[in-house]
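Let me begin by handing over the structure; questions about it come next.
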Amino acid sequence: MPTTPTRKYTTSDAIMLITLATIIDNAITNLAFLVTKRSIWANPFLPNLHSRINTIIQTYLGVDTAKDLRAATKVVETIQKQALTTLGEINTQIVADFKKQPDRRDEILNTLGFKAHYQDAYKTKSQIALINLLYSIKQNLNATLKTEITTKGTEASSLEAVINFADALKNANITQETYKSTKPTNTAEAITTFNDVYDDVIGVATIAAKFLKEDKVKQAGFIYSKLVAAQKAMSNTATVKKAATTTTPPIK
């Protein structure tokens, strides 16, 4: 009797496949540049690879699971993008508005969690860092500090938006994790199929990351380990609690 092959990845099948799909999404977004470096990737190469991943998800994980997980992942990504945009605007305004008061500027940024979490949230797209930052703002932005910041020019609506993003992102992550809990498929055929597509997409990711070495933000969209970490950000609440500031409420 032939033995069941070993998976080439350590995550669940669902997380692996969704991460591969994300890599190909990013490749399609950057297609105009990538094909100047590797013409073989011109259409329909990447869309066909994306369709192959979707077919594998539907075949081995179930149509409903695939659809729901993709939808949940898209919600998380949308909230993350919106939150980072607003946080970036707030950070820039505080730095500029308090330029003549550097000690106060640094104290505000530290109190709100920007010093501890913003770079990881923005550069590596860490959901843990982003959640910690959002909850730091939610917990520490009292009425006095809010008035001080808005008097300088930052809109109150921007501050209120990031507070709302805290619970929205946490809840979206919980929903996403529910769909990721799909039991792994153990048939030899399935694992062989998973390994094959994993190898193919990792090849794309490795080459694309090299092409984009001068743009670290775009490059991060092709680093499998970072994308998996983002997918799994809410799987270990103990990690979140440990990383959070002491004033940050526990994430349940």
Point to revise | Spatial distance of atom CD1 (Ile15) from atom OG1 (Thr22) [nearest 0.5 Å] | key: 11.5 Å
Review point. Between Phe165 and Tyr135, does the ring centroid distance fall short of 6.0 Å?
Key: no
Practice item. Examine Phe33 and Ile223 and state if one hydrophobic cluster contains both, with Ile, Leu, Val, Met, Phe, Trp and Tyr joined whenever side-chain heavy atoms are less than 4.5 Å apart. Key: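 Result: no, two separate clusters.
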**Study point:** Exam field: side chain Ser158 to backbone Thr154, donor-acceptor pair closer than 3.5 Å
**Key:** no
Exercise for review: Starting at CG of Leu133, measure out to CG of Leu84 and round the result to the nearest 0.5 Å.
Suggested key: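 Going from CG on Leu133 over to CG on Leu84, the span is 8.5 Å.
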Practice item. Determine the minimum heavy-atom distance between Tyr198 and Leu20, stating which atoms define it. Key: CA-CD1, 3.7 Å
Exercise for review: Might you point out which heavy atoms bring Leu227 and Gly221 nearest each other, and give the distance in Å?
Suggested key: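 Looking at all heavy atoms of both residues, the shortest contact is CD1-O, 3.3 Å.
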Check your understanding: Between Asp13 and Arg7, does at least one N-O distance fall below 4.0 Å, as a salt bridge requires?
Key -> yes
Check your understanding: Below 4.5 Å, heavy atoms only, C-beta onward: do Val201 and Val197 meet side chain to side chain?
Key ->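 Of all side-chain heavy-atom pairs linking Val197 with Val201, at least one is under 4.5 Å.
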Exercise for review: For Thr19 and Thr11, run side-chain contact (heavy atoms from CB on, under 4.5 Å): C-alpha distance rounded to whole Å, both residues' side-chain angles, the deciding distance at 0.1 Å, then the answer.
Suggested key: CA-CA 10 Å; Thr19 300; Thr11 64; over 6 Å; no
Check your understanding: With a 4.5 Å heavy-atom cut-off, do Phe45 and Val35 have their side chains touching?
Key -> no
Review point. Below 4.5 Å, heavy atoms only, C-beta onward: do Phe114 and Ile137 meet side chain to side chain?
Key: yes
**Study point:** Main-chain N/O of Pro44 paired with Asn48 side-chain donor or acceptor, under 3.5 Å
**Key:**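 Such a contact is found between Asn48 side chain and Pro44 backbone.
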Study note, to complete from the structure: Minimal heavy-atom distance between Ala209 and Gln219, with the atoms involved, is O-NE2, 2.9 Å
Practice item. Answer whether the closest heavy-atom distance between the side chains of Thr187 and Thr192 falls below 4.5 Å. Key: no
Check your understanding: Can you name the closest pair of heavy atoms from Ala129 and Ala121 and give their distance?
Key ->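 So the minimum-distance heavy-atom pair works out to CB-N, 3.6 Å.
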Review point. Rounded to the nearest 0.5 Å, what separation is found between the CD1 atom of Ile18 and the NZ atom of Lys74?
Key: 10.5 Å
Exercise for review: Report yes or no: does Asn195 contribute a side-chain atom to a donor-acceptor pair with the main-chain N or O of Thr6 at less than 3.5 Å?
Suggested key: yes
Practice item. Kindly say whether the aromatic ring centers of Tyr60 and Phe194 come within a distance under 6.0 Å. Key: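 Yes: the rings meet the under 6.0 Å criterion.
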Exercise for review: Would you give the length of the straight line joining atom CZ of Phe98 to atom CD1 of Ile149, rounded to the nearest 0.5 angstrom?
Suggested key: 6.0 Å
Review point. Just how far is it from atom CE of Met16 to atom NZ of Lys8, taken to the nearest 0.5 Å?
Key: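 Result: 11.0 Å between the selected atoms.
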Point to revise | Check: Gln101/Lys152 side-chain N/O donor and acceptor closer than 3.5 Å | key: yes
Exercise for review: Rounded to the nearest 0.5 Å, what's the gap from CG on Leu31 to CG on Asn26? Could you check?
Suggested key: 12.5 Å
Exercise for review: For residues Pro5 and Ile191, determine if any side-chain heavy atom of one lies less than 4.5 Å from a side-chain heavy atom of the other.
Suggested key: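 They are in contact (side-chain heavy atoms under 4.5 Å apart), so the answer is yes.
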Point to revise | Close side-chain approach of Leu87 to Leu130, heavy-atom, < 4.5 Å | key: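 Answer yes - side chains close enough.
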Exercise for review: May I ask you to check if Lys213 and Phe211 form a cation-pi contact, with NZ or CZ under 6.0 angstrom from the six-membered ring centre and within 45° of the axis?
Suggested key: no
Practice item. Could you check Asp120 against Lys125 for salt bridge (charged side-chain N to carboxylate O under 4.0 Å, His left out), going step by step and ending with a plain yes or no? Key: CA-CA 6 Å; Asp120 282 343; Lys125 300 298 184 288; over 6 Å; no
**Study point:** Side chain to side chain, Asn164 and Lys138, heavy atoms closer than 4.5 Å
**Key:** no
Practice item. Compare every heavy atom of Ile23 with every heavy atom of Tyr224, then report the nearest pair and how far apart it is. Key: CD1-CD1, 4.2 Å
**Study point:** Donor-acceptor contact below 3.5 Å, side chain Gln93 vs main chain Glu89
**Key:**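 Judged by distance alone, yes, a pair lies under 3.5 Å.
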Exercise for review: Indicate yes or no for a side-chain donor-acceptor contact from Thr150 to the backbone of Thr147 under 3.5 Å, with no hydrogens or angles considered.
Suggested key: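 Here the side-chain-to-backbone pair exists.
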Exercise for review: Determine whether Arg38 and Val204 make a side-chain contact, defined as any pair of heavy atoms from C-beta on separated by less than 4.5 Å.
Suggested key: no
**Study point:** Check: Ser51 main-chain N/O paired with Thr55 side-chain donor or acceptor under 3.5 Å
**Key:** yes
Check your understanding: Does the pair Lys218 and Asn30 meet the rule for a side-chain contact (heavy atoms from CB on, under 4.5 Å), with working shown?
Key -> CA-CA 9 Å; Lys218 289 184 178 180; Asn30 291 279; 3.3 Å; yes
Point to revise | From CA spacing to verdict: side-chain contact (heavy atoms from CB on, under 4.5 Å), Thr124, Gln119 | key: CA-CA 8 Å; Thr124 68; Gln119 287 302 313; over 6 Å; no
Review point. Hey, is Asp97 close enough to Arg105 for a salt bridge, meaning N to O under 4.0 Å?
Key: no
**Study point:** From CA spacing to verdict: side-chain contact (heavy atoms from CB on, under 4.5 Å), Lys37, Lys210
**Key:** CA-CA 11 Å; Lys37 295 286 190 177; Lys210 187 67 173 180; over 6 Å; no
Review point. So, for Thr111 and Asn140, which heavy atoms are closest and what is the spacing to 0.1 Å?
Key: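 So the two residues come closest at O-ND2, 3.0 Å.
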